[in-house]
Asker: 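First the structure, then my questions, so here it is.
Predicted, not measured: the structure shown is a model, and the values here were computed from it.
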Amino acid sequence: MLPLEFIRRHPDEVKRAAELKGEEAPVDELLELDRQWRQCLTVAENARAQQNHLSKQYAKTRDPQDLRNVKEIGEEAKRELAKAEDLKRRLDDLLLRVPNLFAPDVPIGKTEADNVRLREWGEKPTFDFQPRTHYDLGESLGIMDFEHPAHIAGSRFGGLLGAGARLQRALVQFMLDTHVAEHGYREMYVPFLVNSEAMVGTANLPKFGGDSFRVADRDLWLVPTAEVPVTNWHRDEILDLAQLPILYVAHTPCWRSEAGAAGKDTRGYIRMHQFEKVELVKLTSPETSGEELEALMANAEAILQRLGLHYRVLFMCTGDMGFAQYKKYDLEAWCPGLERYLEVSSCSVFQDFQARRANIRYRPAPGQPPRFVHTMNGSGLALARTLDAVMETFQQADGTILVPEVLRPYMGGLKRIAG
RNA sequence: GGGGAGGUGGCUGAGUGGUCGAAAGCGCCCGCCUGCUAAGCGGGUAGGGGGUGUGAAACUCCCUCGAGGGUUCGAAUCCCUCCCUUCCCGCCA
């Protein structure tokens, strides 16, 4: 969230950012509540101060009249304090609904058409036959299945079999090993269910609860991304500057309700209720967050490059970047069968927006007051779609799939998937 | 799931109704001392919020001892509920 004081001083800047992001920002309502709250709080605290004072006096005098006075003022303090607390609760709730600002260099725009293509890596592969889609290939080879999962769980679930399941696992292993051994991340294993506080910390709540699955009768949510448990790992902690930057990588399943996602462009192993992802998360000092984001994105790109997948990098415009992000890049891998790019990674920095919510701080120097860290994350990479891109890119005329070199050690040396 | 113990500042840990936002130690900061370092000596050091207000001060008030509620003029301290940690038993992959 944004500091209340910042909103007080720069309401127009906050409103402008929200508008350009296509988000609602209850700034006026918030400021009015803020005014009422502070007024009420002053009255309440003055009453409480009087009460404290009179109470001490009564301790000395034991005068019944003093007792009557202190009781009376005590009642008033209680009433006013309750009023102030109610106002503060409403204020805090609104505060959690104000979107983050965006970086000065973020392109202004409304839709994905306004995103800026920063660069492309490699070239679209060419085929001397009509390339097939991953689901077509996968179902023919018997390594990808949508019917059985639908039967046991419903639509928007996919399943993998044999070499398909193993190929996904190989991708996960390859990604984890690369990020740990070569990019300096620390591997983590984390809960796949998190409480509401954690969801608020990363800004998945209160506004976006509808995007995630909640466990019935419990305050637990299925993680929509490892970002939630990993970023919240250090909630309410004060870190040492020497610990920063903290680099974490975690592989988790992710669950998303994908409400309203049915229809066009969603056929295949693309937008599932459940998918695997290797997620990169960094906690940094404010001074280094800019360069750390670029490095994080480069780490994600390295995976695509080693797999030999053609991809492009998009600088997301204000309208397409989201509530909490300060800056966001998408990596999109080319899928020759689908004849379109699929988003396989989204790399974002939040500045201290999440850190304020999750209360993650660091001490810049011994003896100095704590400051909020900066948080950022990016997929490194999202699994279902990376698997799709691999299958479609390395398919052969006979319907088999060549296994990329870097994955072969993870496939028991298998060079070609033939079903 | 049943029973016991416990959750206090950056950390360890005292504290069972006002003298406690909290002993002591560690850590950290400032100063002194010492040929350097170490040791020693003195002082300082929780967080959040409100008001007034300046150039970043200063002053003042309120809240916070796991969370929430209650008793009381007054709660870290007493009562209730919940969460978490830990030990023993049970169960289980």
Side-chain angles (χ1 to χ4, degrees), chain A residues 1-9 30-96 98 189-201 205-206 214-215 217-221 229 232-244 246 253 283 285-286 352-373:
Chain A
M1 60 187 163
L2 297 174
L4 180 54
E5 199 190 319
F6 181 88
I7 302 176
R8 278 180 199 146
R9 294 167 70 141
L30 189 149
L31 289 177
E32 172 57 22
L33 260 181
D34 176 48
R35 201 186 54 75
Q36 289 178 22
W37 166 64
R38 283 189 289 170
Q39 196 171 31
C40 186
L41 188 63
T42 302
V43 173
E45 288 187 345
N46 284 340
R48 182 45 57 89
Q50 250 190 87
Q51 184 199 351
N52 288 342
H53 178 75
L54 287 177
S55 177
K56 282 191 185 123
Q57 185 175 316
Y58 170 73
K60 282 185 215 145
T61 65
R62 299 284 166 180
D63 182 339
Q65 181 57 45
D66 284 340
L67 184 56
R68 282 194 290 278
N69 288 344
V70 73
K71 279 191 178 182
E72 194 180 322
I73 193 75
E75 285 304 313
E76 187 192 330
K78 205 169 175 178
R79 269 199 313 276
E80 292 298 321
L81 226 46
K83 258 164 61 184
E85 270 169 28
D86 180 59
L87 287 165
K88 186 63 161 65
R89 253 194 303 278
R90 287 158 60 193
L91 181 61
D92 285 340
D93 181 67
L94 283 184
L95 213 45
L96 291 174
V98 175
Y189 175 77
V190 295
F192 299 166
L193 295 172
V194 296
N195 59 29
S196 295
E197 262 188 275
M199 291 284 278
V200 169
L205 285 178
R214 185 176 175 173
V215 176
D217 307 322
R218 292 258 197 152
D219 181 29
L220 286 174
W221 300 76
N232 278 285
W233 190 268
H234 293 291
R235 193 167 78 206
D236 295 322
E237 286 184 15
I238 298 176
L239 306 161
D240 290 328
L241 178 62
Q243 290 175 261
L244 303 179
I246 293 177
L283 308 182
S285 68
D352 60 7
F353 192 80
Q354 290 182 326
R356 281 177 189 280
R357 293 171 161 250
N359 192 29
I360 309 168
R361 295 173 297 173
Y362 75 102
R363 210 174 281 285
Q368 286 200 3
R371 299 169 67 194
F372 290 104
V373 300

Asker: Nearest-nucleotide wise, let me know which of A/P369 and A/N46 is further upstream toward the 5' end of RNA chain B.
Answerer: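 With A/N46 and A/P369 compared, the 5'-side residue is A/P369.
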Asker: Round to a whole Å and report the spacing from CG of A/L95 to P of B/G49.
Answerer: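 Value for this atom pair: 11 Å.
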Asker: Report yes if some heavy atom in the side chain of A/R371 is under 4.5 Å from a heavy atom in the side chain of A/Y362; otherwise report no.
Answerer: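 Answer yes - side chains close enough.
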Asker: If the C1' atom of B/G21 is compared with that of B/G48, how far apart are they to the nearest Å?
Answerer: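 About 13 Å, rounded to a whole number of Å.
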Asker: If I pick the C1' atom on B/A57 and the same atom on B/A5, what distance separates them, to the nearest angstrom?
Answerer: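 To the nearest whole Å, 49 Å.
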Asker: Atom CG of A/L41 to atom P of B/C61: distance rounded to whole Å?
Answerer: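 My rounded result for the distance is 15 Å.
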Asker: Below 3.5 Å between N/O atoms, which protein atoms pair up with nucleotides 51-58 of chain B? Just atom names and distances, please.
Answerer:
unit_1, atom_1, unit_2, atom_2, d
B/G51, OP1, A/R38, NH1, 3.1

Asker: Is A/L193 close to A/R218 at the side-chain level, that is, under 4.5 Å between some pair of heavy atoms?
Answerer: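 They are not in side-chain contact.
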Asker: Hey, which of these two, A/Q50 or A/K88, hits RNA chain B nearer its 5' end, going by closest nucleotide?
Answerer: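 The residue whose closest nucleotide sits nearer the 5' end is A/K88.
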Asker: Starting at atom CD of A/E237, determine the distance to atom C1' of B/G9, rounded to an integer number of angstrom.
Answerer: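 Atom-to-atom, A/E237 to B/G9, this comes out as 16 Å.
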Asker: Side chain of A/N359, backbone of A/D236: donor and acceptor closer than 3.5 Å?
Answerer: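 It does not hold such a pair.
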Asker: Counting only Watson-Crick pairs (N1-N3 plus N6-O4 or O6-N4) and G-U wobbles (N1-O2, O6-N3), all under 3.5 Å, who is the partner of B/G9?
Answerer: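 Looking at the geometry, B/G9 pairs with no nucleotide.
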Asker: Under the salt bridge (charged side-chain N to carboxylate O under 4.0 Å, His left out) rule, what pairs show up with a residue in residues 53-79 of chain A, not counting sequence neighbours?
Answerer: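 For residues 53-79 of chain A, and leaving out neighbouring residues, there are no salt bridge (charged side-chain N to carboxylate O under 4.0 Å, His left out) pairs at all.
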Asker: With rounding to the closest Å, how many angstrom separate the P atoms on B/G74 and B/C62?
Answerer: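 Between the two P atoms, the distance is 15 Å.
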Asker: Taking A/R38's backbone N and O only, do any of them form a donor-acceptor pair with A/T42's side chain (distance below 3.5 Å, no angle check)?
Answerer: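 Yes.
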Asker: In whole Å, I'd like the distance from the CG atom of A/D217 to the P atom of B/C82.
Answerer: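 For the pair A/D217 CG and B/C82 P, the rounded distance is 17 Å.
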Asker: Please determine, for B/C36, whether a Watson-Crick or G-U wobble partner exists with both distances under 3.5 Å, and give it or none.
Answerer: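 Across all strands, not a single nucleotide pairs with B/C36.
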Asker: Could A/R8 and A/D34 be called an ion pair, given the rule that one side-chain N must be under 4.0 Å from one carboxylate O?
Answerer: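 Yes, A/R8 and A/D34 are salt-bridged.
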Asker: With the sugar-phosphate defined as primed atoms, P, OP1 and OP2, and the base as all remaining atoms, what B/S/- string results for nucleotides 65-73 of chain B, 5' to 3', for protein heavy atoms under 4.0 Å?
Answerer: --------B
Asker: Which pairs, protein N/O on one side and nucleotides 10-12 of chain B N/O on the other, fall under 3.5 Å?
Answerer:
none

Asker: So A/N52, base contact, sugar-phosphate only, or nothing? Heavy-atom distance under 4.0 Å.
Answerer: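 Sugar-phosphate contact only.
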Asker: Less than 4.5 Å apart, side chain to side chain, heavy atoms only: is that true for A/L81 and A/R48?
Answerer: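 In contact.
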Asker: By salt bridge (charged side-chain N to carboxylate O under 4.0 Å, His left out), which residues pair with A/R89, not counting sequence neighbours?
Answerer: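 A/R89: no salt bridge (charged side-chain N to carboxylate O under 4.0 Å, His left out) contacts found.
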Asker: Would you please confirm or rule out a distance under 4.0 Å between OP1 or OP2 of B/C63 and any side-chain N or O of A/R48?
Answerer: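 Affirmative; the distance criterion is met.
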Asker: Measuring only between side-chain heavy atoms, which start at C-beta, is A/H234 closer than 4.5 Å to A/L239?
Answerer: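 Yes, their side chains come closer than 4.5 Å.
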Asker: Using both distances under 3.5 Å as the test, list the Watson-Crick or G-U wobble partner of B/C65, or none.
Answerer: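 In the structure as shown, B/C65 has no Watson-Crick or wobble partner.
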Asker: Using side-chain heavy atoms (C-beta onward) and a distance below 4.5 Å, is A/L4 in contact with A/L91?
Answerer: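 Of all side-chain heavy-atom pairs linking A/L91 with A/L4, at least one is under 4.5 Å.
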Asker: Stepwise, does the side chain to side chain donor-acceptor pair (under 3.5 Å) test hold for A/Q50 with A/N46?
Answerer: CA-CA 6 Å; A/Q50 250 190 87; A/N46 284 340; over 6 Å; no
Asker: Taking only the C1' atom of each, what is the distance from B/C91 to B/G7 in whole angstrom?
Answerer: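 Here B/C91 and B/G7 have their C1' atoms 27 Å from each other.
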Asker: Report yes if a side-chain nitrogen or oxygen of A/R218 is closer than 4.0 Å to either non-bridging phosphate oxygen (OP1 or OP2) of B/C83; otherwise report no.
Answerer: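 Checking B/C83 against A/R218, no side-chain N or O comes under 4.0 Å of OP1 or OP2.
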Asker: Using the P atoms only, state how far B/U45 lies from B/A38, rounded to an integer number of Å.
Answerer: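 The answer is 25 Å between these two P atoms.
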Asker: For residues A/W221 and A/N195, determine if any side-chain heavy atom of one lies less than 4.5 Å from a side-chain heavy atom of the other.
Answerer: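 No. Closest side-chain heavy atoms not under 4.5 Å.
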Asker: Separation of A/R89 atom CZ from B/C63 atom C1', in whole Å?
Answerer: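 Interatomic distance, CZ of A/R89 to C1' of B/C63: 15 Å.
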Asker: In whole Å, what is the span from the CG atom of A/L241 to the C1' atom of B/C28?
Answerer: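 Rounded to whole Å, this separation is 15 Å.
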Asker: Between B/C41 and B/G49, how far apart are the two C1' atoms, rounded to whole Å?
Answerer: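 Here B/C41 and B/G49 have their C1' atoms 39 Å from each other.
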Asker: Find the distance A/K60:NZ to B/G74:P and express it as a whole number of Å.
Answerer: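 Interatomic distance, NZ of A/K60 to P of B/G74: 17 Å.
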Asker: Taking only the C1' atom of each, what is the distance from B/A23 to B/G15 in whole angstrom?
Answerer: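 Roughly 8 Å separates the two C1' atoms.
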Asker: Roughly how far apart, to the nearest Å, are B/G27 and B/C84 at atom C1'?
Answerer: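 It works out to 27 Å between them.
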Asker: Measure from the side-chain N and O atoms of A/R357 to the backbone N and O of A/L96, and report whether any donor-acceptor pair falls under 3.5 Å.
Answerer: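 Looks like yes, one N/O pair under 3.5 Å.
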Asker: So which nucleotide does B/G42 pair with, by the Watson-Crick or G-U wobble rule with both distances under 3.5 Å?
Answerer: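 Result: B/C30.
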Asker: Quick one: look up who B/G21 pairs with, Watson-Crick or G-U, both distances under 3.5 Å, and put none if it's unpaired.
Answerer: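 Paired with B/G21, as far as the under-3.5 Å criterion goes, is no nucleotide at all.
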Asker: Checking A/D92 now: which residues fulfil salt bridge (charged side-chain N to carboxylate O under 4.0 Å, His left out) with it, not counting sequence neighbours?
Answerer: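 Here the qualifying residues are A/K88.
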Asker: Provide, to the nearest angstrom, the distance between the CG atom belonging to A/N359 and the C1' atom belonging to B/G47.
Answerer: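 Value for this atom pair: 10 Å.
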